[in-house]
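Just below is one structure, and these are the notes that go with it.
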Amino acid sequence: MQVKTRFSPSPTGILHIGGARTALYSWLFAKRYNGKFLLRIEDTDINRSSNFYNNSIMKGLKWLNLNWDEGPYFQSNRLARYNYVIKLMLENKIAYKCYCSTERLLNLRKKQITLGKKPKYDEKCRNIPDDYYNSNISYVVRFRNPKKGKVVFLDQVRGKIEFWNDELDDLIIKRSNGFPTYNFSVVIDDYDMKITHVLRGEEHINNTVRQINILQSLEKKAPIYAHLSTILNHNGKKISKRDKDSFFDVLEYKKLGFFPEAIINYLLRLGWSHGNQEIFTIKEMKKFFSLKKITKSSSLFDKKKLIWINKRYMNILSKSDIINELKIFYLKQKVEIKNGPDIKQVFELMKNRCSSLTDVVESSRFFYEELIIDYEKLKENINIKNVFILKFFLKKIIFFHDWKVEKLSKLLKLCSLELGISFSKVGKIIRLSLTGKEHAPCITSILYLLGKKKCILRIKNFIKIFE
RNA sequence: GUCCCCUUCGUCUAGUGGUUAGGACAUCGCCCUUUCACGGCGGCAACAGGGGUUCAAAUCCCCUAGGGGACACCA
């Protein structure tokens, strides 16, 4: 039997961290057993589904390199199949037409809730003859759920889960607009598409038993289920794809210049473990991934750890790949790199101090753009008297020709010695004049990369402003 | 309200009857250092509570509490 998993989002929201993890686990599980991973778009809710979300979900998956071997299938293209099965179910009395109005259902619910009962359909139409109502009256189709006994299934992460059938009611499988509902279409699709393992969020545990009942009524075998716990936000609340907070938007991390490999690595460890290992290559993930090691409890999304992993990947990933990507980010952030230092060298200087590619671009902007010195702001931070240090240094470098890191370092030390001023004071004002910032990478590297001409220009400008 | 699921440092987790309860992120301290970072070393920090079972319980059983989910013509 070939393993086949699926990711089946509904295009009613963006691909968020939680969805991405579900997709990752499904993908990994399939890959682990040389199986297939399938993408299915569950768009039976025509009012809320949109093409925009469709595209954004697929874009996110592709960016993360979670490529599907089959699909994407769209449920909206499979209506004929669903209707065919529903017709059969009607004929076999597995399902029945329900003519109850939305208002009646709503009132029923209200009444049950106020009475402290579990809201359930009261089966008003369960036993009426097929031709009882005029055929023009709109109706829905309900599944005739078994009334006795219980449903049991072995969840791959949680173990045995059981529900009494009398907790369930006759769910709608076909809406009055002719579209099937989730719980029905998912059953037909998983069966038709030969899905062997269903990995999905734990909010579906309750649905699973309903789905198993439908499957059993059709005399079909159920797939193996694994329900993943929820990823919560920093407040311990469930994150939702309708969440406006871009914090959980996968594509937002693409925009910020995070590495897909790092996101994958973070997501893998959020709810799964392999001893004490934190960093995994894709190959290792495929080799080690197992359902048994997935945690049952829900976990909080921790951006700080994601950042740490992303930093690690600055050093793990192929340098030339990063450089190519980095070029795109300079372009996007409108930094003209043509007339500045080589970005390979700049990246070397920045990689251990930046958390993402946009961070690298922003932190290295000063290499490529003219400085805008905010006099008023700096005035408070520097001792204007110290400008003489710059004048001294300027004289030194005008006639300095051996523009190399080690030589510049020596020159700097010499200045500090000759002036009788601490290295840190000398460095501070030079750094400020060259970068406009108080904190920057190693001063000699900056001198070197910026080049003599620009250094002289910047120092002169700086002196002018503060005189 | 009913049903289902969950509970080890602040966070992610290791742990399957005997451990000084381990690691990572975060945090704090020290070292390195011309700033900031990086790096190195170290510290703080957890078995939700109560009952059992057992020579022995984070680990097995029961109860309680807390958190989450489901109860739609959403998925």
Side-chain angles (χ1 to χ4, degrees), chain A residues 8-13 42-45 47-49 98 100 102 105-106 109 112-121 138-142 155 157-158 161-164 166-169 171-183 185-186 200-210 227 229-230 232 234 236-238 241-242 266 269-279 293 295-309 311 315 350-354 363 409 412-413 416 422-428 430-432 435 437-444:
Chain A
S8 49
S10 69
T12 54
E42 311 219 318
D43 56 350
T44 52
D45 184 350
N47 296 323
R48 296 196 306 147
S49 297
C98 167
C100 296
T102 320
L105 262 21
L106 217 67
R109 266 180 70 79
Q112 288 166 330
I113 289 170
T114 49
L115 282 169
K117 282 184 182 166
K118 187 169 188 161
K120 286 197 295 192
Y121 178 57
S138 91
Y139 64 89
V140 299
V141 177
R142 285 184 187 271
D155 191 284
V157 337
R158 275 151 227 279
I161 293 177
E162 47 184 36
F163 277 76
W164 289 97
D166 60 14
E167 288 294 331
L168 275 23
D169 67 353
L171 74 155
I172 293 171
I173 57 176
K174 183 179 176 176
R175 291 175 247 245
S176 52
N177 70 2
F179 278 79
T181 57
Y182 163 76
N183 275 306
S185 51
V186 79
R200 51 164 45 152
E202 66 179 339
E203 65 272 20
H204 288 296
I205 290 179
N206 299 269
N207 289 328
T208 303
V209 286
R210 294 165 173 276
H227 288 96
S229 55
T230 324
L232 306 171
H234 32 301
K237 291 269 180 283
K238 191 188 173 190
K241 56 185 167 185
R242 283 170 279 277
Y266 175 73
R269 278 293 282 103
L270 190 66
W272 178 86
S273 63
H274 180 72
N276 284 333
Q277 191 169 345
E278 294 288 346
I279 303 293
K293 299 292 282 181
T295 17
K296 293 177 187 165
S297 56
S298 48
S299 32
L300 264 61
F301 177 67
D302 180 10
K303 197 173 175 180
K304 281 185 177 165
K305 186 148 188 185
L306 208 205
I307 288 173
W308 174 77
I309 290 181
K311 274 184 170 173
N315 290 293
M350 293 297 181
K351 68 176 185 184
N352 284 330
R353 43 196 307 124
C354 293
S363 313
S409 172
L412 228 39
K413 276 177 190 152
S416 142
S422 74
F423 213 132
S424 67
K425 259 189 191 169
V426 175
K428 184 179 179 183
I430 295 177
R431 185 178 309 111
L432 218 43
T435 68
K437 300 177 194 184
E438 276 191 84
H439 307 306
C442 161
I443 189 81
T444 47

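It should be emphasised that the depicted structure is a prediction, and the values quoted were computed from it without experimental measurement. In what follows, every heavy atom counts, from backbone to side chain, and hydrogens, waters and symmetry copies are set aside. Chain identifiers are assigned alphabetically (A, B, ...) following the order of the sequence lines, protein sequences preceding nucleic acid strands; residue numbering begins at 1 within each chain.
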Could you tell me whether a side-chain N or O of Lys437(A) sits under 3.5 Å from a main-chain N or O of Ser363(A), the two making a donor and an acceptor?
yes
Between C4(B), U13(B), C25(B), which nucleotide gets closest to the side-chain atoms of Arg269(A)?
U13(B)
Lys425(A) atom NZ, neighbour heavy-atom count above 12 within 6.0 Å
no
When all nucleic acid strands are considered with a 4.0 Å heavy-atom cut-off, which category describes Glu162(A): base, sugar-phosphate, or nothing?
sugar-phosphate
Below 3.5 Å, does any donor atom in the side chain of Arg431(A) face an acceptor in the base of U34(B), or the other way round?
yes
U13(B) and C41(B), which share atom name P, separated by this distance in whole Å
26 Å
Between Ser273(A) (side chain only) and Gly275(A) (backbone N and O only), is there a donor and an acceptor less than 3.5 Å apart?
no
Assess whether salt bridge (charged side-chain N to carboxylate O under 4.0 Å, His left out) is satisfied between Glu438(A) and Arg431(A), documenting all intermediate values.
CA-CA 7 Å; Glu438(A) 276 191 84; Arg431(A) 185 178 309 111; over 6 Å; no
Could you tell me how far apart Glu278(A) (CD) and A26(B) (P) are, to the nearest whole angstrom?
11 Å
Any side-chain N or O of Ser229(A) less than 4.0 Å from the OP1 or OP2 oxygen of C6(B)?
no
Pairwise P distance, U7(B) and C47(B) [rounded to whole Å]:
16 Å
Say we look at G17(B) and G43(B): how far apart would their P atoms be, to the nearest angstrom?
30 Å
Hunt down the Watson-Crick or G-U wobble partner of C30(B), both distances under 3.5 Å, from any strand shown, or write none.
G40(B)
Base, sugar-phosphate alone, or nothing: which one does Leu270(A) contact when heavy atoms must sit under 4.0 Å apart?
sugar-phosphate
Taking the same atom, C1', in G68(B) and in U27(B), what whole-Å distance lies between them?
28 Å
Among the candidates U13(B), G23(B), U34(B), find the nucleotide nearest to the side-chain atoms of Phe423(A).
U34(B)
Evaluation steps, salt bridge (charged side-chain N to carboxylate O under 4.0 Å, His left out), between Glu278(A) and Lys305(A):
CA-CA 11 Å; Glu278(A) 294 288 346; Lys305(A) 186 148 188 185; 3.2 Å; yes
Do Ser176(A) and C73(B) have a side chain to base donor-acceptor pair shorter than 3.5 Å?
yes
Could you work out the separation of G67(B) and U35(B) based on their P atoms and round it to a whole Å?
49 Å
Under 4.0 Å protein heavy-atom contact, by nucleotide of nucleotides 64-72 of chain B - B base, S sugar-phosphate only
----SBSBS
Would you say that more than 12 heavy atoms from the other residues, nucleotides or ligands in this model lie under 6.0 Å from the NZ of Lys117(A), or not?
no
Whole angstrom is fine here: how far is it from CG in Leu300(A) over to C1' in A26(B)?
13 Å
Ignoring hydrogens and angles, state whether a donor on the side chain of Ser10(A) or Arg48(A) is under 3.5 Å from an acceptor on the partner side chain.
no
Between Ile172(A) and Tyr121(A), does a side chain to side chain contact (heavy atoms under 4.5 Å, CB included) hold up when you go through it step by step?
CA-CA 10 Å; Ile172(A) 293 171; Tyr121(A) 178 57; over 6 Å; no
Length of the line joining Phe301(A):CZ and U13(B):C1', which is rounded to integer Å:
17 Å
Partner lookup for U16(B), please. Criteria are Watson-Crick or G-U wobble with both distances under 3.5 angstrom; report none if nothing qualifies.
none
Indicate, with a heavy-atom threshold strictly under 4.0 Å, whether Cys354(A) touches base, sugar-phosphate, or nothing.
nothing
Between NZ of Lys117(A) and C1' of G1(B) the distance, given in whole Å, is 12 Å
Using Watson-Crick or G-U wobble geometry with both distances under 3.5 Å, which nucleotide pairs with C60(B)?
G52(B)
Ignoring the backbone of Ile161(A), work out which of U13(B), C5(B), U34(B) is nearest its side chain.
C5(B)
d(NE2, His439(A); P, A37(B)) in whole Å
7 Å
Go through C73(B), C38(B), A14(B) for me and flag the one nearest to the Lys311(A) side chain.
C38(B)
Between U33(B) and G40(B), how far apart are the C1' atoms? Round to whole Å, please.
13 Å
For G1(B), the Watson-Crick or wobble partner whose two distances fall under 3.5 Å
C71(B)
Proximity to the side chain of Leu412(A) - top-ranked nucleotide from A26(B), C73(B), U34(B):
U34(B)
Give me the distance, rounded to whole Å, that separates A26(B) from A46(B) when you measure between the C1' atoms they each carry.
15 Å
May I have the distance from Asp302(A) (atom CG) to C25(B) (atom C1'), rounded to whole angstrom?
6 Å
For Gly201(A), report the nucleic acid contact type (base, sugar-phosphate, nothing); a contact means any heavy atom under 4.0 Å.
nothing
Could you tell me whether Thr44(A) contacts a base, only the sugar-phosphate backbone, or nothing, with contacts defined as non-hydrogen atoms closer than 4.0 Å?
sugar-phosphate
Quick one: Tyr121(A) OH to U2(B) P, roughly how many Å, whole number?
25 Å
If we take the C1' atom in both G1(B) and C9(B), what is their distance in whole Å?
36 Å
Looking at Ser8(A), I'd like to know whether one of its side-chain N or O atoms comes within less than 4.0 Å of OP1 or OP2 on A75(B).
no
Examine the side chains of Thr230(A) and Glu202(A) and answer whether a donor and an acceptor come within less than 3.5 Å of each other.
yes
Both Lys296(A) and Ser138(A) contact RNA chain B. Taking the nearest nucleotide for each, which residue is further toward the 5' end?
Lys296(A)
Sugar-phosphate, base or nothing in reach of Lys293(A), heavy atoms under 4.0 Å:
sugar-phosphate
Hey, which of these two, Ile205(A) or Lys413(A), hits RNA chain B nearer its 5' end, going by closest nucleotide?
Ile205(A)
Check the distance between A26(B)'s P and Ile307(A)'s CD1 and give it to me in whole angstrom.
9 Å
OG1 (Thr295(A)) and CH2 (Trp272(A)) are apart, to the nearest 0.5 Å, by 10.5 Å
